[in-house]
2 protein chains.
Amino acid sequence: MRPLPEPIEALVARLVRLPGIGRRSAQRLAFHLAREKPDELAGLARAIEALPRELQTCTRCGNLAAGELCAICSDPRRDESVICVVEQPENVAAIERSGAFRGVYHVLGGAISPLRSVGPDDLRIDGLLERVAAGGVEEVILATNPTVEGEATALYIARQLRDRPVRVTRPATGIPVGGDLEYVDEATLSRALAARRGVLDED
Amino acid sequence: MRPLPEPIEALVARLVRLPGIGRRSAQRLAFHLAREKPDELAGLARAIEALPRELQTCTRCGNLAAGELCAICSDPRRDESVICVVEQPENVAAIERSGAFRGVYHVLGGAISPLRSVGPDDLRIDGLLERVAAGGVEEVILATNPTVEGEATALYIARQLRDRPVRVTRPATGIPVGGDLEYVDEATLSRALAARRGVLDED
């Protein structure tokens, strides 16, 4: 087996690190890009490089933002009495696509995972507790992923909020266990949000 | 449905133009990249932008090359009496992976397609005819894709070579009709190359 031309191999080595891109897909992408016009390639390169410069983290909820606050936190029509807690910004995008939620979000930045050395202090949990302590919050929906890590994170947060005058819920089963919240279809997400239940009720 | 942050949307718009990347995959990639370190993003951007600068077209066969000749044309161990004609450089990579071919290649740069206004003059067909006319070539394997365009291209080239003292073949059936040569598995490719037949014999 002959190696690919070096510039193609260098790009393939970068592309295979992306989620859902295997070596075969990476090669297909690299050869496709090798046929593209320099202008198109420069545009794609600029769009990638611009991300850290142009994206900020919302100082209130941790979502991706173009300024200090994200588009949702700066929207006066959102119901600030309900906070939906998710792991990552793409989970916000998925729930927004479902159109089933009019409250606000809190983006943790991940889930508690001893295997990956991610503890509660590595996530935006303190910020969430401060928002609840500041008052005006009636319900916290723990929409972390239905994985071991996501469930552990939800339980941890539920316990932290136990003595607060706030309802703590989790979206209903309906989200496939072991799946990734980002790939759940809109109808399932809508149903799961509508049928949410108290976290500690079921213990 | 709330739009994504602008830098994410700008990147998604670029990514969906790539083969095999739908809107959902593009969003997943963009959100993943938004979490990457600036160094990693700059490296990926550089690898993309470098392609037109660092890649050349082999002056003999049309394959991608780091210099004037590609790695195969500059390898003295390859059998120059057999030329395998393919549409694109990724097809060379696929056949090389099969390990079933020790000859050299000719990369057309596409296939004849009236729908896309691609005629024989838009492909590297003259270069192929010149290589055959120069002598020393005993067989031309027409390994264009098994699509309408690929078959038409093979037939066109076979007719151009009809009066030349050269055997003109096509890989055997075994490659799924309507498929893309790049995705054929190595075993199928090996078998198809071994069972190749004359193109005009079957008319």
Side-chain angles (χ1 to χ4, degrees), chain A residues 1-8 10-11 13-15 17-21 24-25 27-38 40-55 63-66 70-72 75 88-90 92-94 96-99 109 180 182-183, chain B residues 1-8 10-11 13-15 17-21 24-25 27-38 40-55 63-66 70-72 75 88-90 92-94 96-99 109 180 182-183:
Chain A
M1 195 181 128
R2 181 168 294 279
L4 302 174
E6 201 283 324
I8 294 279
L11 179 54
R14 298 256 173 202
L15 293 174
R17 298 184 209 164
L18 301 176
I21 308 278
R24 200 60 73 93
S25 313
Q27 286 186 15
R28 187 173 164 85
L29 288 171
F31 277 112
H32 172 89
L33 289 170
R35 271 195 293 281
E36 280 285 7
K37 293 198 179 69
E40 177 71 21
L41 296 174
L44 175 57
R46 270 198 308 272
I48 290 170
E49 239 175 343
L51 292 178
R53 205 166 50 240
E54 296 187 359
L55 281 179
N63 191 14
L64 291 178
C70 75
I72 293 166
D75 182 346
Q88 298 290 5
E90 50 265 51
V92 171
E96 288 296 295
R97 279 197 298 273
S98 83
D180 186 326
E182 200 194 346
Y183 282 124
Chain B
M1 192 180 126
R2 179 169 297 279
L4 302 175
E6 201 282 324
I8 294 279
L11 179 54
R14 297 258 176 198
L15 293 174
R17 296 183 211 165
L18 301 177
I21 308 277
R24 200 59 74 92
S25 313
Q27 286 186 15
R28 185 174 165 83
L29 288 171
F31 277 112
H32 171 89
L33 289 170
R35 272 195 293 283
E36 280 284 7
K37 294 199 178 67
E40 177 71 22
L41 296 174
L44 175 58
R46 270 198 308 272
I48 291 169
E49 239 174 344
L51 293 178
R53 205 167 49 242
E54 297 187 359
L55 281 178
N63 191 15
L64 291 178
C70 75
I72 293 165
D75 182 346
Q88 298 290 3
E90 50 264 53
V92 171
E96 287 297 296
R97 277 197 300 274
S98 82
D180 186 325
E182 199 195 345
Y183 282 125

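Note on naming: letters A, B, ... go to the chains in the order of the sequence lines (proteins, then strands), and numbering restarts at 1 for each one. Only this structure's heavy atoms are used, side chains among them; waters, hydrogens and symmetry mates stay out.
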- line: Scored by heavy-atom pairs under 4.5 Å with chain B, the best of A/Arg53, A/Glu36, A/Arg17 is A/Arg17
- prompt: Using non-hydrogen atoms only, which part of A/Arg35 is less than 4.5 Å away from chain B: side chain, backbone, both, or neither?
  reply: side chain
- prompt: Partners of A/Arg46 by side chain to side chain donor-acceptor pair (under 3.5 Å), sequence neighbours excluded?
  reply: none
- line: The reported gap from CG in B/Leu44 to CG in A/Leu18 (rounded to nearest 0.5 angstrom) is 6.5 Å
query: When rounded to the nearest 0.5 angstrom, what distance separates CG in A/Leu11 from CD in B/Glu49?
result: 12.0 Å
query: Can you say whether A/Ala34 sits under 4.5 Å from chain B via the side chain, the backbone, both, or neither, judging by heavy atoms?
result: both
- prompt: Given that the side chain runs from C-beta out, which part of A/Ala30 has a heavy atom under 4.5 Å from chain B: side chain, backbone, both or neither?
  reply: backbone
- prompt: For A/Glu6, is it the side chain, the backbone, both, or neither that has a heavy atom closer than 4.5 Å to a heavy atom of chain B?
  reply: side chain
query: B/Leu33 versus B/Ile8: any side-chain heavy-atom pair under 4.5 Å?
result: no
- prompt: Measuring heavy-atom distances to chain A, does B/Ala42 have an atom under 4.5 Å in its side chain, in its backbone, in both, or in neither?
  reply: both
statement: Highest number of heavy-atom pairs under 4.5 Å with chain A among B/Pro89, B/Ala93, B/Ala10 belongs to B/Pro89
query: What is the minimum heavy-atom distance between A/Ala47 and B/Arg14, and which atoms define it?
result: CB-CG, 4.5 Å
- prompt: Roughly how far apart are A/Gln27 CD and B/Arg97 CZ, rounded to 0.5 Å?
  reply: 5.0 Å
- request: Identify which of A/Pro52, A/Ala13, A/Gly20 forms the greatest number of heavy-atom pairs closer than 4.5 Å to chain B.
  value: A/Pro52
- line: Interface check, chain B: of A/Glu54, A/Arg24, A/Lys37, most non-hydrogen pairs under 4.5 Å belong to A/Arg24
message: Quick check on B/Glu40 against chain A: is it the side chain, the backbone, both or neither that has a heavy atom closer than 4.5 Å?
response: both
message: For B/Leu51, which atoms come within 4.5 Å of any heavy atom of chain A: side chain, backbone, both, or neither?
response: side chain
- prompt: Can you list the residues that meet the salt bridge (Lys or Arg N to Asp or Glu O under 4.0 Å) rule with A/Arg28, with sequence neighbours excluded?
  reply: B/Asp180, B/Glu182
- prompt: What's the spacing between B/Leu15 CG and A/Ile48 CD1 if we round to 0.5 Å?
  reply: 6.5 Å
message: So for B/Pro5, is it side chain, backbone, both, or neither that comes closer than 4.5 Å to the heavy atoms of chain A?
response: side chain
statement: Result for side-chain contact (heavy atoms from CB on, under 4.5 Å) between A/Cys70 and one of A/Asp75, A/Val92, A/Asn63, A/Leu64 points to A/Asn63
- request: Would you mind telling me which of A/Pro19, A/Ala66, A/Pro38 has the largest number of heavy-atom pairs within less than 4.5 Å of chain B?
  value: A/Pro19
